[in-house]
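Note sheet for the following structure.
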2 protein chains.
Amino acid sequence: MSTPRQAARGRRPGTPDTREEILRAARDLFAASGFAATSMRAIAARAGVDPALVHHYFDSKADLFVSALQVRVDPRQALLPVIEAGPDGAGERLLRVLLTVWGDEESRTPLLGLVRGILEPAGATLVRDALFGLVLGPVRHGLGIDQPERRMALVASQLAGIVLLRYVVEAPPLVAMTDDELVASYAPTIQRYLTGPLPDRPLTRAAPEA
Amino acid sequence: MSTPRQAARGRRPGTPDTREEILRAARDLFAASGFAATSMRAIAARAGVDPALVHHYFDSKADLFVSALQVRVDPRQALLPVIEAGPDGAGERLLRVLLTVWGDEESRTPLLGLVRGILEPAGATLVRDALFGLVLGPVRHGLGIDQPERRMALVASQLAGIVLLRYVVEAPPLVAMTDDELVASYAPTIQRYLTGPLPDRPLTRAAPEA
DNA sequence: GTCTATAGACGGATAGAC
DNA sequence: GTCTATCCGTCTATAGAC
């Protein structure tokens, strides 16, 4: 019904692509309900297979979780253009990468599952490390900016808010805005966090009194 | 151990304040692990009472959830100073209210429970409505600004990101920053969302072609 | 490779003794 | 008001027939 199958000539595999069906079902359900609230039974039912079959392909629920949520976008590669062109305009470029990745249905679903996993006790640290290590890390090291940790935290707080309200909560005004409108609204903020003035002194240890 | 008891003269209540103990335990656990991952048994164990006793005081788990997460801060009252002084500087005032409320241990715990509930299927709409209705609503109506829906959504996206990264994920750079540093970093953003230029035309329906 | 059956644990909720 | 005992549901995971 979904994927057009090419005429298999040699030996027909016992199962066409049951494993893939399970992965698709798992992806959808994890994205919609998170890790804990999604049961293996529900995944099996959606995929139209027996619950035991799910265990046959994947050792545990956690195993299925990480398998289903493999994002096909390599952050390091996607962020290369953001970094290479230097700090000027990096805010807009970073934002456009975010909107592109989340705008693609293919990559949005697994990402939603990951985000839903953030607020669950188990996956909190895992996802946090992934976010900072894979996404913000390259940008931080690639751009030559001062106080990179603090600046990237500011950037992350705005990007996380956008993702949360536009793609998870689906706040109507944000959903209605076009990519260009979003860029016009948010790019100045991101850019200021990246290269604008910061309240604290950069790296000087002792602050003279008078 | 906790509350100093005044010498009860008349009839001693059978229980000192077991109900309050249960509420405290529920608040802590809901804040730490969310709704689904917190069991009634765990709450009873933490409160040092029998699981059945929890059901005696509260009809259901959902009932206990809403009872435990009653925030003692009335948003309408807390936000009055933000609104009354008009749009100028409203960004900083709004931000300071947020930091004050979340800075108080007393109110932070129930708020954490509410936030954790956002990403769970059950409480999503409930919490979203509460957030927009109680917090952003008064500000939107109180300040005389154009395109209030869109502006409040922009504001909400930044505030939500701050809450998520500073109080839920606890990103070190954000935790380390003082309130004044946070205000210096974020107030300009909030203010621009409230009163700055917006990409779209305000309320004009038809945009002339040429 | 696919399924039936079930183990083993934990969850919320209830009835009723004291 | 507090507790014991228990029902009934759902879950993950496994063993084994076909």
Side-chain angles (χ1 to χ4, degrees), chain A residues 5 8 10-30 32-69 113 116-117 120-123 126, chain B residues 1 3 5 8 10-30 32-69 113 116-117 120-123 126:
Chain A
R5 194 111 12 88
R11 113 171 173 29
R12 280 260 302 288
T15 163
D17 37 27
T18 311
R19 207 187 113 105
E20 214 57 34
E21 284 297 319
I22 294 175
L23 282 175
R24 276 174 48 91
R27 204 158 26 233
D28 292 347
L29 289 180
F30 281 137
S33 310
F35 180 80
T38 299
S39 72
M40 299 284 268
R41 285 164 149 84
I43 294 171
R46 186 186 183 95
V49 302
D50 191 275
L53 201 57
V54 180
H55 277 101
H56 175 69
Y57 284 114
F58 306 95
D59 286 346
S60 67
K61 187 180 176 181
D63 182 22
L64 176 55
F65 184 74
V66 302
S67 299
L69 268 45
R116 281 253 152 72
E120 302 182 24
L126 180 117
Chain B
M1 197 205 286
T3 62
R5 191 110 16 88
R11 113 174 172 28
R12 278 261 300 288
T15 165
D17 38 25
T18 309
R19 207 188 112 104
E20 213 58 34
E21 284 297 320
I22 294 174
L23 281 176
R24 275 174 49 91
R27 205 155 29 230
D28 292 346
L29 290 181
F30 281 136
S33 310
F35 180 79
T38 299
S39 72
M40 300 283 271
R41 288 166 150 85
I43 294 172
R46 186 186 183 96
V49 303
D50 191 274
L53 201 58
V54 180
H55 277 102
H56 176 70
Y57 284 114
F58 306 94
D59 285 346
S60 68
K61 189 181 175 182
D63 183 23
L64 176 54
F65 184 74
V66 302
S67 299
L69 267 45
R116 282 252 152 74
E120 302 184 26
L126 181 117

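Proteins get letters first, then strands, A, B, ... in listed order; numbering begins at 1 in each. When reading the values below, keep in mind they use all heavy atoms of this one structure, side chains included, and skip hydrogens, waters and symmetry mates.
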### Task
Quickly work out the B:E21 CD to D:dG1 C1' distance and round it to whole Å.
16 Å

### Task
Whenever both distances are under 3.5 Å in a Watson-Crick or G-U wobble pair, mark it; put DNA chain D into dot-bracket that way, with [ ] for crossing pairs and | when the partner is on another strand.
|||||||.||||||||||

#### Entry: A:L53 CG to C:dG1 P, straight-line distance once rounded to whole Å
10 Å

### Query
To the nearest 0.5 Å, how far apart are OG in A:S39 and CG in A:L29?
8.0 Å

### Test side-chain contact (heavy atoms from CB on, under 4.5 Å) applied to B:A52 - qualifying residues, sequence neighbours left out
B:D50

### Task
Let me know the distance between CG of A:D50 and P of D:dT14, rounded to the nearest Å.
15 Å

### Query
Taking atom P of D:dC11 as reference, at what distance in whole Å does atom CZ of A:F65 sit?
18 Å

#### Entry: Sugar-phosphate or base contact per nucleotide [nucleotides 11-18 of chain C; S, B, -; heavy atom under 4.0 Å]
BBBB----

### Message
I want to check one thing: is the phosphate of D:dT2, taken as OP1 and OP2, less than 4.0 Å away from some side-chain N or O of B:T18?
### Response
yes

### Heavy-atom pair with the smallest gap, counting every atom of A:A26 and A:A68
CB-CB, 3.9 Å

### Query
Does a side-chain N or O from A:Y57 land closer than 4.0 Å to OP1 or OP2 of C:dG1, or not?
no

### Task
Return the set of residues passing side-chain contact (heavy atoms from CB on, under 4.5 Å) with A:A36 (not counting sequence neighbours), or none when no residue passes.
A:E120

#### Entry: Under the salt bridge (Lys or Arg N to Asp or Glu O under 4.0 Å) test, residues paired with A:R46 that sit two or more places apart
A:D28

### Summary
Those residues at least two apart in sequence (or on a different chain) that pass side-chain contact (heavy atoms from CB on, under 4.5 Å) with B:A62 are B:S60

#### Entry: All pairs passing salt bridge (Lys or Arg N to Asp or Glu O under 4.0 Å) where residues 53-67 of chain A contributes a residue, at least two apart
none

### Message
Check the orientation of B:F35 and B:F30. Use parallel for under 30°, tilted for 30 to 60°, and perpendicular for over 60°.
### Response
parallel

